[in-house]
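What follows is a set of notes on a single structure, which appears directly below.
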Amino acid sequence: QVQLIESGGGSVQAGGSLRLSCAFSGDIFSYYCMAWFRQIPGKQREGVARISSSGGMAALSDFVSSRFRISRDNTNNTLYLQINSLEPEDTAMYFCAARASRSCQTAGFTPTMYAHWGQGTLVTVSS
């Protein structure tokens, strides 16, 4: 049973940085492409970034800027999301998601294409 546990969220001032982590367990991490999504209460979940199973290919969604960087450590079964120059608009619950595929390109940022989800970590940015 795949399990994803996010951490690293918190309350920060605008301009600060955070690194979110997603610990993967229950299967072979390197068999899965991974993605980060975020959701603001009352709004749809939106994609942030995705990365291939090897980590060799990564993509950001059209909604975020290069302030966001996705990476993974297949040795330690962990996915990361680095967010720099945080803005109040980044305030959201951030979720990691896994798809049993080498590439998430076909899945894109469609939430239903990802079978496994974490519970989320809350990021709150104050101005």
Side-chain angles (χ1 to χ4, degrees):
Q1 183 85 0
V2 170
Q3 186 175 18
L4 303 174
I5 301 176
E6 300 95 335
S7 62
S11 296
V12 296
Q13 295 273 7
S17 298
L18 280 176
R19 188 176 78 159
L20 308 183
S21 299
C22 172
F24 177 103
S25 62
D27 204 343
I28 299 173
F29 184 49
S30 61
Y31 286 3
Y32 290 76
C33 66
M34 302 291 294
W36 285 99
F37 288 77
R38 66 183 182 185
Q39 188 167 22
I40 300 169
K43 293 193 174 183
Q44 287 190 331
R45 193 167 296 191
E46 65 179 15
V48 175
R50 63 178 188 259
I51 190 167
S52 64
S53 61
S54 68
M57 294 185 66
L60 297 177
S61 82
D62 293 338
F63 299 112
V64 301
S65 72
S66 58
R67 298 184 294 109
F68 292 75
R69 182 176 178 272
I70 188 171
S71 62
R72 66 189 293 161
D73 182 345
N74 282 359
T75 300
N76 293 308
N77 297 339
T78 305
L79 175 74
Y80 300 101
L81 183 69
Q82 178 73 36
I83 315 174
N84 298 323
S85 302
L86 279 155
E87 301 173 352
E89 293 73 24
D90 296 324
T91 295
M93 185 73 79
Y94 285 74
F95 299 89
C96 63
R99 173 176 168 83
S101 175
R102 291 182 179 178
S103 170
C104 285
Q105 185 172 359
T106 301
F109 293 112
T110 303
T112 54
M113 298 296 282
Y114 294 82
H116 308 285
W117 291 84
Q119 294 298 307
T121 186
L122 181 63
V123 173
T124 304
V125 184
S126 57
S127 57

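Keep in mind that what you see is a predicted model, and the values were worked out from it rather than measured.
The side chain to side chain donor-acceptor pair (under 3.5 Å) test applied to Asp62 returns no partner, not counting sequence neighbours. Not counting sequence neighbours, Thr112 has no partner by the side chain to side chain donor-acceptor pair (under 3.5 Å) test. Residues satisfying the side chain to side chain donor-acceptor pair (under 3.5 Å) criterion with Glu46, sequence neighbours excluded, are Arg38. Looking at residues two or more places apart in sequence or on another chain, you find a side-chain contact (heavy atoms from CB on, under 4.5 Å) between Ile5 and Gln3. By the side-chain contact (heavy atoms from CB on, under 4.5 Å) test, Ala98 pairs with Leu4, Phe24, Tyr32, Met34, His116, sequence neighbours left out. Scanning for side chain to side chain donor-acceptor pair (under 3.5 Å) contacts around Gln105 gives an empty result, with sequence neighbours left out. Residues meeting the salt bridge (Lys or Arg N to Asp or Glu O under 4.0 Å) test with Arg67, sequence neighbours left out: Glu87, Asp90. Every residue was checked against the ring pair (Phe, Tyr, Trp, His ring centres under 6.0 Å) condition with Tyr94, not counting sequence neighbours, and none meets it.
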Under 3.5 Å, which donor-acceptor pairs link side chains of residues 6-21 to any protein atom two or more places apart or in another chain?
{"unit_1": "Glu6", "atom_1": "OE1", "unit_2": "Gln119", "atom_2": "N", "d": "3.0"}
{"unit_1": "Glu6", "atom_1": "OE1", "unit_2": "Gly120", "atom_2": "N", "d": "2.8"}
{"unit_1": "Glu6", "atom_1": "OE2", "unit_2": "Cys96", "atom_2": "N", "d": "2.9"}
{"unit_1": "Glu6", "atom_1": "OE2", "unit_2": "Gly120", "atom_2": "N", "d": "3.3"}
{"unit_1": "Ser17", "atom_1": "OG", "unit_2": "Asn84", "atom_2": "OD1", "d": "3.2"}

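Applying the 6.0 Å contact sphere to CZ of Arg102 captures no more than 12 heavy atoms from other residues, nucleotides or ligands.
Contact between Val123 and Leu86 at its shortest, heavy atoms only, is CG1-CD2, 4.4 Å. In terms of heavy-atom proximity, Gly47 sits nearest to Ser61 at O-OG, 2.8 Å. Shown here for Ala107 and Met113, the closest heavy-atom pair between the two residues is CB-CB, 3.5 Å. Closest approach of Ala92 to Leu122, counting heavy atoms only: O-CD1, 3.5 Å.
Arg72 contributes a side-chain N or O that, together with a main-chain N or O of Phe29, makes up a donor-acceptor pair within less than 3.5 Å. At least one donor-acceptor pair under 3.5 Å links the side chain of Asn74 to the backbone N or O of Ser53. With hydrogens and angles disregarded, a donor-acceptor distance shorter than 3.5 Å links the side chain of Thr91 to the backbone of Val125.
For residues 43-75, no residue pair satisfies the disulfide (SG to SG under 2.5 Å) rule, not counting sequence neighbours. Applying the ring-ring contact (aromatic ring centres under 6.0 Å, His included) rule to pairs touching residues 35-70 yields Phe37-Tyr114, Phe37-Trp117, sequence neighbours excluded.
To the nearest 0.5 angstrom, Phe95 atom CZ is 11.5 Å from Cys22 atom SG.
Grouping Ile, Leu, Val, Met, Phe, Trp and Tyr residues whose side-chain heavy atoms lie under 4.5 Å apart, directly or via other members, leaves Met57 alone, with no other cluster members.
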Inset, instruction - Tell me, with the steps shown, if Leu79 and Ile70 meet side chain to side chain contact (heavy atoms under 4.5 Å, CB included). - result: CA-CA 8 Å; Leu79 175 74; Ile70 188 171; 3.9 Å; yes
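A chain of hydrophobic side-chain contacts below 4.5 Å, direct or via other Ile, Leu, Val, Met, Phe, Trp or Tyr residues, connects Ile51 to Leu60.
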